There are 2 protein chains.
Amino acid sequence: MEHRFVEKATGAIADKYRLSILLELSDKGSMTCTDIQELTGLSQPCVSHHVKQLTESGLVNARKEGRNLYLSLNKESLQQLSGFLEKLG
Amino acid sequence: MEHRFVEKATGAIADKYRLSILLELSDKGSMTCTDIQELTGLSQPCVSHHVKQLTESGLVNARKEGRNLYLSLNKESLQQLSGFLEKLG
DNA sequence: CGTAAACATCCAAACTTTTAAATATTTGGT
DNA sequence: ACCAAATATTTAAAAGTTTGGATGTTTACG
């Protein structure tokens with residue numbers, strides 16, 4: 001297990017807005033940046049920034065379709081992180 | 001599950017020094033702040049600060065014995081966090 | 001082509017975290 | 001009582017994060 005991945009992924013989760021995005025993605029399956037803007041009430045550039053952190057962490061997948069960016073959970077990496085923590089404790 | 005706990009706990013893990021402390025605790029079972037100073041090469045106040053974050057996150061238990069502070073993993077909270085992530089993905 | 005919608009990038013302000021020097025506290029040994 | 005060891009606290013600097021305004025890019029639609 002890459003410790004850098006653990007560091008990045010936990011860092012990506014450790015924010016109330018990003019956590020709420022992850023929860024919503026878990027619930028809904030997929031969302032666009034505009035959906036996230038509505039969900040969080042944050043400005044568009046700020047949403048863009050959080051989305052970047054989430055995708056760069058590897059926890060979230062992004063698929064561009066026309067003008068929209070569809071986000072979804074990367075379930076494998078979430079399972080990887082979960083497994084790491086389970087073994088840790 | 002408390003989202004504040006998830007936020008705090010992931011934030012506590014998201015640092016290379018704190019992650020290495022957690023790994024070492026997982027391996028060795030228990031350590032003092034002096035051990036951590038040797039492990040990380042950080043200054044004593046800095047270690048004290050990181051230890052505080054880890055204990056306040058709930059991921060690490062601290063037991064004072066004489067002049068020493070013995071740290072150990074809080075396995076239950078690690079399992080809780082792991083379970084949260086597993087359900088998320 | 002012109003316009004608007006969706007997202008990205010750049011920038012700077014506000015805020016938070018990380019770090020260590022100095023100092024304080026608590027405890028154990030002599 | 002004295003001294004040293006282990007940790008905590010205070011303080012301040014450096015570095016990093018978060019935020020939104022302004023602006024840029026890409027794509028859809030009439």
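Not measured: the values here are computed from a predicted model. Letters A, B, ... are given to chains in the order of the sequence lines, protein chains preceding strands, and every chain is numbered from 1.
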Inset, instruction - Could you check how far CD of A/Glu56 sits from C1' of D/dG16, rounded to whole Å? - result: 15 Å

Legend entry - Joint hydrophobic cluster, A/Val6 plus B/Leu23, side-chain heavy atoms closer than 4.5 Å: yes

Legend entry - Rounded interatomic separation in angstrom, taking CG from B/Asp35 and P from D/dA5: 16 Å

Inset, instruction - Report yes if a side-chain nitrogen or oxygen of A/Lys16 is closer than 4.0 Å to either non-bridging phosphate oxygen (OP1 or OP2) of D/dT18; otherwise report no. - result: no

Legend entry - Residues B/Ile13, B/Leu59; criterion side chain to side chain contact (heavy atoms under 4.5 Å, CB included); working and verdict: CA-CA 9 Å; B/Ile13 301 171; B/Leu59 295 178; 3.5 Å; yes

Legend entry - Gap between atoms CG and P, on A/Leu42 and C/dA8 respectively (whole Å): 15 Å

Inset, instruction - Indicate whether OP1 or OP2 belonging to D/dT19 is found under 4.0 Å from a side-chain N or O atom of A/His50. - result: yes

Inset, instruction - Keeping the roles fixed (side chain from B/Asp15, backbone from B/Tyr17), state whether a donor-acceptor pair exists under 3.5 Å. - result: yes

Inset, instruction - Starting at atom OH of A/Tyr17, determine the distance to atom P of C/dC15, rounded to an integer number of angstrom. - result: 14 Å

Legend entry - Closest to side chain of B/Arg67, choosing from C/dA8, C/dT19, D/dA5: D/dA5

Inset, instruction - Measure from CG on B/Leu19 to P on C/dT18 and round the result to the nearest Å. - result: 13 Å

Inset, instruction - Give one of base, sugar-phosphate or nothing for B/Thr34, where a contact means two heavy atoms less than 4.0 Å apart. - result: sugar-phosphate

Legend entry - Under-3.5 Å donor-acceptor pair between B/Gln44 side chain and D/dA8 base: yes

Inset, instruction - Output the single nucleotide from D/dA8, D/dT18, C/dT19 whose closest atom is nearest the side chain of A/Asp15. - result: D/dT18

Inset, instruction - Examine D/dT26: is either OP1 or OP2 under 4.0 Å from a nitrogen or oxygen in the side chain of A/Lys64? Give yes or no. - result: no

Inset, instruction - Figure out the CD1/P separation between A/Ile36 and D/dT19, and round it to whole Å. - result: 13 Å

Inset, instruction - Could you check B/Glu76 against B/Gln80 for side chain to side chain contact (heavy atoms under 4.5 Å, CB included), going step by step and ending with a plain yes or no? - result: CA-CA 6 Å; B/Glu76 274 167 40; B/Gln80 238 186 282; 5.6 Å; no

Inset, instruction - Round to the nearest Å and state the distance from A/Asn68 atom CG to D/dA28 atom C1'. - result: 10 Å

Inset, instruction - Using only side-chain N and O atoms of A/Ser48, determine if any of them is under 4.0 Å from OP1 or OP2 of C/dC7. - result: no

Inset, instruction - Starting from C1' on D/dA15, measure out to NE2 on B/His49 and report it in whole angstrom. - result: 13 Å

Legend entry - A/Gln79, CD: over 12 other non-hydrogen atoms inside 6.0 angstrom: yes

Inset, instruction - Could you pick out which residue, B/Gln53 or B/Pro45, lies toward the 5' side of DNA chain C when each is mapped onto its nearest nucleotide? - result: B/Gln53

Legend entry - Residue whose nearest DNA chain D nucleotide is more 5′ - A/Gly11 or B/Tyr70: B/Tyr70

